[in-house]
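Here the structure comes first, spelled out in structure tokens, and everything after it is commentary.
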There are 2 protein chains.
Amino acid sequence: MKRRITLQDIALDLNLTPATVSRALNNHPEISDKTKKMVEETATRLDYNRNKIASSLRSGKTHVIGVLIPTAEPAFFGSVIHGITNIANSSGYDVIIYQSNEMYEYEVKGIKAFMSARVDGILASISKETIDCSHFINAKRNGIPVVLFDRVNNDLDIPSVTVDDYQGGFIATEHLIEQGYKRIAHVSGPQHIKAFYDRLKGYRGALQANGIRFDASLVYAGDISIEAGKAAVENFLKLPVRPDAIFAVEDFAALGVIKQLKARGIKMPEEMGVFGFCNDLFSEHITPGLSTIDQQTVLMGQEAVKMIFHIIDNNNGMYQPSKVVLDPLPVIRESSLRVST
Amino acid sequence: MKRRITLQDIALDLNLTPATVSRALNNHPEISDKTKKMVEETATRLDYNRNKIASSLRSGKTHVIGVLIPTAEPAFFGSVIHGITNIANSSGYDVIIYQSNEMYEYEVKGIKAFMSARVDGILASISKETIDCSHFINAKRNGIPVVLFDRVNNDLDIPSVTVDDYQGGFIATEHLIEQGYKRIAHVSGPQHIKAFYDRLKGYRGALQANGIRFDASLVYAGDISIEAGKAAVENFLKLPVRPDAIFAVEDFAALGVIKQLKARGIKMPEEMGVFGFCNDLFSEHITPGLSTIDQQTVLMGQEAVKMIFHIIDNNNGMYQPSKVVLDPLPVIRESSLRVST
DNA sequence: CTGTTAGCGCGTTCAG
DNA sequence: CTGAACGCGCTAACAG
């Protein structure tokens, strides 16, 4: 392995000092164009490659963003990462990924790793287990700005990018009502996660706005999993009066609902309407096509990076936490579309 | 923002020198247990957090792995990342992600960024455009080991983790033959990518092994996209004698095939058998369920990290590039399963 | 416009 | 078992 070329090497080659070479490469205004050109030429000739580590140590900026997600497995977070890294990379930032695997312990470890790596900013989506959020507060106290996306905490003074979950739940439920469904059930998710809490609220809001009495037995305390959806169906079918539509808190849960309804020979959308939330990649391609709420995942990632860049650039102390709320986009497919009332 | 705690702070607090504190925290054998305990206590008390940057600069090791993928959008790469980061993180490594967006230019930029970040190793899956691979050679020359996964180059002396694509193509085709299909078509992908090239070869191999003459008109030069699958179907239906089964090089292409066959009212698997490759998340949930080859994505990621760690640990020059080839696992679903011949 | 000096925080010599 | 001194490669401050 050949020794790496340093600023020193370029400087010696041109009878300059490392400092000048550094400034030239950083396009410092006080360097003559002639020198800049010379330096750049020898840099490429010698195949120079800046040591980002040394640069970071000296400048105190790493140009690295840490992204903490529950898991990269479903398409959802892959899509957000897609949005994040493309913008970050084209702005000269590196992105490091850490997965909590939905566990509080790993989430805390991830933040520690980010602090140790001296990232310039953190984007995070909290795990299902997470209730105590002091690790985020701690990062902020250490001067690392944090932006939460999608899965945020209810009462945290941290900027965030989310979709309007209340509105999404409202739209989904109201759509089912408009399609003539009378008894609409809901498969909910863990309530300490604001997104899931808000979707339930949106569901209730739509019922109320349309003069339908809320019936607690029509809410199944589920989760974002296929199994939860299946279990919810079994639960609903045992009721004295079964529902005629199900709004699931998330697409995988809705998928479970669909699978179980199929297994029971219940026709969608005729006998039972189904609505999801997320617009995961598969939703379009299953049968029946799943009606759902698009969360604009790529955009969500992009907005989150933009926000963190904004905070990084204005770190003169006074930054007021802002919340970006994206519009939930209804995507209507066969699972909820009755031809006529 | 409070100043970050350094080794110096701990040293002052305990009347020691930074050197001793450093050794204590690194569990150096020549430090007394008593001192180690003291140091660790004050470290946690002062909320010390090692500056990885300074450490990297000094030691020459960053404990960072760069992962270059075409795109994080489909579930496939998300799944690989899942496998990679979990092992890497639990081994104290950070993972930085870069997307080529299937473009050669960005791929080269990504490798440059990794070199600049002084990553200890690179895992990469090459873009569709990539033909010249000198950027990988260059990284190796600079002492950064490279392991390719899934999308590798034909004639490169670089260790890699792939699935046995020939075998996969063979199994898929032979399965269709066993199901009684007589005219089996193939939607192929860009041939400079070894994986796609091998799948075509496996297809031909299975035909030959079963005494079926290869017919060039039954191979559609496609791509890994829904559109390619749809176009392939249109192409095949125009033939004088249409095929009765289609093996697509990848699941999205197969999805396009299924969609177009549905649009044309052609029944699967009765009139046309369909087989994919990848076992993407959606394949199980569409109708009909897509028969496909599972690539063991999570395992692939894990094997890739393990291999790069192995190389990093034995960087005493002599490491012979090895190729790990995973078994392709057939997953048979409705799209190719005729009840009887 | 360029050179000089110094130091970011750590780990690794070499002493003792 | 611990301390003293140095340097990884770069950039910021101050000269000139």
Side-chain angles (χ1 to χ4, degrees), chain A residues 1-40 42-43 46-64 92 115-120 142-143, chain B residues 1-40 42-43 46-64 92 115-120 142-143:
Chain A
M1 162 187 20
K2 66 183 185 193
R3 195 180 59 79
R4 311 288 276 256
I5 305 296
T6 71
L7 285 183
Q8 186 69 260
D9 298 319
I10 301 181
L12 285 175
D13 196 279
L14 292 173
N15 274 327
L16 290 172
T17 61
T20 309
V21 176
S22 167
R23 281 183 283 232
L25 288 174
N26 288 323
N27 207 18
H28 194 93
E30 288 184 359
I31 295 287
S32 73
D33 287 351
K34 201 181 56 176
T35 316
K36 277 182 191 167
K37 184 151 282 178
M38 274 168 46
V39 169
E40 266 161 39
T42 30
L46 299 181
D47 196 22
Y48 171 74
N49 187 266
R50 180 210 308 272
N51 188 332
K52 200 164 173 286
I53 301 300
S55 167
S56 299
L57 179 59
R58 179 62 238 239
S59 69
K61 300 226 154 295
T62 53
H63 284 252
V64 173
M115 302 217 306
S116 199
R118 298 294 192 265
V119 299
D120 289 346
N142 278 282
Chain B
M1 163 186 19
K2 67 184 185 193
R3 197 179 57 80
R4 311 289 275 256
I5 304 296
T6 72
L7 288 184
Q8 186 70 263
D9 298 318
I10 301 181
L12 285 175
D13 196 277
L14 291 172
N15 273 326
L16 290 171
T17 61
T20 309
V21 177
S22 168
R23 282 185 282 233
L25 288 175
N26 288 324
N27 207 18
H28 194 92
E30 288 182 359
I31 296 286
S32 73
D33 287 351
K34 202 182 57 180
T35 317
K36 277 182 190 167
K37 183 151 282 180
M38 275 169 44
V39 169
E40 267 162 38
T42 31
L46 299 182
D47 195 21
Y48 170 74
N49 186 262
R50 182 207 306 272
N51 187 333
K52 201 165 172 284
I53 300 299
S55 169
S56 299
L57 180 59
R58 179 61 239 245
S59 68
K61 301 225 153 297
T62 52
H63 284 254
V64 173
M115 303 218 304
S116 200
R118 297 296 190 265
V119 298
D120 289 346
N142 279 282

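In what follows, every chain begins at residue 1, and chains take the letters A, B, ... in the order their sequences are listed.
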In DNA chain D, stems of three or more consecutive pairs, Watson-Crick or G-U, each with both distances under 3.5 Å, turn out to be C:1-16 with D:1-16

Side-chain contact test, heavy atoms from C-beta onward, threshold under 4.5 Å: evaluate it for T6(B) versus N51(B) and give yes or no.
-> no

From the candidates dG9(D), dT2(D), dG3(C), the one with an atom nearest any side-chain atom of L57(B) is dG9(D)

- Item | Full working for side chain to side chain contact (heavy atoms under 4.5 Å, CB included) between Y48(A) and L7(A) | CA-CA 8 Å; Y48(A) 171 74; L7(A) 285 183; 3.6 Å; yes

Rounded to whole Å, the NZ-C1' distance (K36(B) to dT2(D)) equals 13 Å

query: Below 4.5 Å, heavy atoms only, C-beta onward: do L14(A) and V21(A) meet side chain to side chain?
result: no

Among dC10(C), dA12(D), dG11(C), the one nearest any side-chain atom of N26(B) is dG11(C)

From CG of N15(A) across to P of dC1(C) the rounded distance in Å is 20 Å

**Request:** Answer with base, sugar-phosphate or nothing: what part of the nucleic acid does D33(A) contact at a heavy-atom distance below 4.0 Å?
**Result:** nothing

Just checking N49(B): base, sugar-phosphate only, or nothing, at a heavy-atom cut-off of under 4.0 Å? nothing

Out of dG3(D), dT11(D), dC10(D), minimum distance to the side chain of R50(A) belongs to dT11(D)

In whole angstroms, the gap separating C1' of dT2(C) from CD1 of I10(A) amounts to 16 Å

Exercise. If you look at every strand shown and take non-hydrogen atoms under 4.0 Å, does T17(A) touch a base, only sugar-phosphate, or nothing?
Worked result: base

Would you say S59(A) reaches dT11(D)'s phosphate, i.e. side-chain N/O to OP1/OP2 under 4.0 Å? no

Could you tell me if N49(A) and R118(B) have a donor-acceptor pair between their side chains, going purely by distance under 3.5 Å? yes

Review point. Where the side chain of S116(A) meets the backbone of R50(B), is there a donor-acceptor pair that is under 3.5 Å apart?
Key: yes

Whole-Å distance, R23(B) CZ to dC10(C) C1', equals 12 Å

note: L25(A), atom CG; dA12(D), atom P; distance rounded to Å ~ 13 Å

Contact under 4.0 Å: Y48(B) side-chain N or O vs dC10(C) OP1/OP2: yes

Practice problem: Classify the nucleic acid contact of S22(B) as base, sugar-phosphate or nothing, counting any heavy atom under 4.0 Å across all strands shown. | Solution: base

L16(B) CG to dA4(D) P, in whole Å, measures 11 Å

Is the phosphate of dC1(D), meaning OP1 or OP2, less than 4.0 Å from a side-chain N or O of T35(B)? no

note: L7(A), atom CG; dT4(C), atom P; distance rounded to Å ~ 15 Å

To the nearest 0.5 Å, atom CG of N142(B) lies from atom CG of D47(A) at 6.0 Å

Minimal heavy-atom distance between A11(A) and T17(A), with the atoms involved, is CB-C, 3.7 Å

Value for CG (L25(B)) from OG (S55(B)), rounded to nearest 0.5 Å, stands at 11.0 Å

Whole-Å distance, I53(A) CD1 to dG7(C) P, equals 23 Å

### Message
Quick check on dC8(D): is either OP1 or OP2 less than 4.0 Å from any side-chain nitrogen or oxygen of N51(A)?
### Response
no

query = With respect to the phosphate group of dC8(C), does any side-chain polar atom (N or O) of S56(A) fall under 4.0 Å of OP1 or OP2?
reply = no

From the candidates dG11(C), dT11(D), dG9(D), the one with an atom nearest any side-chain atom of R58(B) is dG11(C)

